[in-house]
Amino acid sequence: MAPALEGILETALYTSDLDAAEAFYGGVLGLEKITRRENRHVFFRCGPGVLLIFNPAETVKPPTPDASLPVPPHGTTGQGHMCFRVGAEALDAWKAQLETAGVTIEAEVAWPNGTRSFYFRDPAGNSLECAEPGLWSIE
């Protein structure tokens with residue numbers, strides 16, 4: 001049997017408006033942009049991981065036979081979800097920063113294990129969450 005997986009290296013969301021995504025994730029959330037490739041994708045650094053934002057109309061196209069990076073077609077339609085890990089002491093500050101930027105907080109949750117999180121949307125309608133690190137703790 002193979003060794004256990006070490007974690008999630010990257011996560012992906014999809015939108016047809018990469019300009020709006022770039023402004024939101026880079027400007028409002030302050031993530032460091034790694035790269036943008038025309039209307040195909042924009043990638044951001046997020047802690048030790050990477051957030052990939054793809055245009056699904058482009059990523060469903062198969063690579064050309066001479067492609068230097070033969071990534072298989074992929075994509076989805078509809079709204080996705082991801083959660084940002086935010087320290088307990090910074091959670092309220094993030095909520096206030098988003099509200100100041102005009103972002104609506106859809107829900108705040110006090111989880112049974114004592115952690116807190118809140119939900120909001122990006123310009124494409126993807127559901128985003130900021131949660132304290134212990135959300136998935138089994139202790």
Side-chain angles (χ1 to χ4, degrees):
M1 187 159 125
L5 297 173
E6 296 178 16
I8 296 173
L9 182 62
E10 61 191 28
T11 192
L13 293 172
Y14 293 82
T15 181
S16 59
D17 189 344
L18 292 180
D19 292 334
E22 187 171 353
F24 182 79
Y25 288 95
V28 175
L29 298 184
L31 298 181
E32 173 193 353
K33 182 173 74 171
I34 298 170
T35 187
R36 171 146 180 195
R37 183 170 150 204
E38 299 150 5
N39 196 36
R40 185 182 187 279
H41 64 248
V42 60
F43 297 164
F44 296 93
R45 175 97 31 226
C46 186
V50 176
L51 173 59
L52 311 173
I53 309 289
F54 289 110
N55 179 345
E58 296 298 319
T59 58
V60 296
K61 297 175 183 175
T64 60
D66 62 339
S68 62
L69 299 171
V71 176
H74 57 84
T76 188
T77 57
Q79 300 164 342
H81 170 74
M82 70 163 295
C83 180
F84 295 102
R85 183 177 58 238
V86 177
E89 69 286 349
L91 196 66
D92 292 329
W94 266 105
K95 183 174 163 273
Q97 180 174 322
L98 290 166
E99 289 173 325
T100 298
V103 176
T104 299
I105 305 303
E106 291 188 313
E108 296 181 61
V109 179
W111 295 96
N113 69 357
T115 59
R116 301 175 301 140
S117 72
F118 65 85
Y119 292 81
F120 58 102
R121 302 260 171 191
D122 74 1
N126 290 301
S127 174
L128 305 177
E129 180 181 10
C130 286
E132 294 174 348
L135 178 65
W136 289 101
S137 175
I138 57 172
E139 300 172 5

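Within 6.0 Å of CZ in R116 there are more than 12 heavy atoms belonging to other residues, nucleotides or ligands.
Side chains of K61 and T64 form no contact here, defined as non-hydrogen atoms less than 4.5 Å apart. Between Y14 and N126 there is no side-chain heavy-atom pair separated by less than 4.5 Å. Side-chain contact between E99 and W94 is absent, with no heavy-atom pair separated by less than 4.5 Å. Looking only at side-chain heavy atoms (C-beta outward), P63 and P73 come within less than 4.5 Å of each other. Side-chain contact between E129 and V86 is absent, with no heavy-atom pair separated by less than 4.5 Å. For the pair T15/I53, a side-chain contact is recorded, criterion being any heavy-atom separation below 4.5 Å from C-beta on. Annotation: side chain of V28 is in contact with side chain of V103 (closest heavy-atom distance under 4.5 Å). Put simply, the side chain of L52 does not reach to within 4.5 Å of the side chain of T11, judged on heavy atoms.
Here L51 contributes atom CG and L13 contributes atom CG; the two are 5.5 Å apart, rounded to the nearest 0.5 Å. Remark: S117 OG to L135 CG distance equals 6.0 Å, nearest 0.5 Å. How far CG of D122 is from CE of M82: 10.0 Å, rounded to the nearest 0.5 Å. To the nearest 0.5 Å, atoms CZ (F120) and CD1 (I105) are separated by 6.5 Å. For the atom pair C130 SG and Q97 CD, the distance stands at 9.5 Å (nearest 0.5 Å).
Residues K33 and F44 share a closest heavy-atom pair of CA-CD2, 3.7 Å. V50 and R45 get closest at one heavy-atom pair: CG2-NH1, 3.5 Å. Here the closest heavy-atom approach between residue P133 and residue G87 is recorded as CD-CA, 4.0 Å. Q79 and A124 make their closest contact through CG-O, 4.3 Å (heavy atoms, listed as atom of the first residue, atom of the second, distance). For the residue pair G114 and E132, the shortest heavy atom distance occurs at O-OE1, 4.0 Å.
The backbone N or O of F54 lies less than 3.5 Å from no partner atom in the side chain of T59, so there is not a single donor-acceptor pair. Using modelled atom types, one side-chain atom of T100 and one backbone atom of A96 make a donor-acceptor pair closer than 3.5 Å. Under a 3.5 Å cut-off, the side chain of T104 and the backbone N or O of E106 do not form any donor-acceptor pair. N113 places no side-chain N or O within donor-acceptor distance of the main-chain N or O of W136, the cut-off being under 3.5 Å.
The aromatic rings of Y25 and F84 are tilted relative to each other, their planes meeting at an angle between 30° and 60°. Using the six-membered ring where Trp is involved, H41 and F43 have ring planes that are parallel, under 30° apart on the 30 and 60° scheme.
Cluster membership for L29 and I34, using ILVMFWY side-chain heavy atoms within less than 4.5 angstrom, is not shared.
Electrostatic pairing of E108 and K95 counts as a salt bridge here, judged by a charged N lying under 4.0 Å from a carboxylate O.
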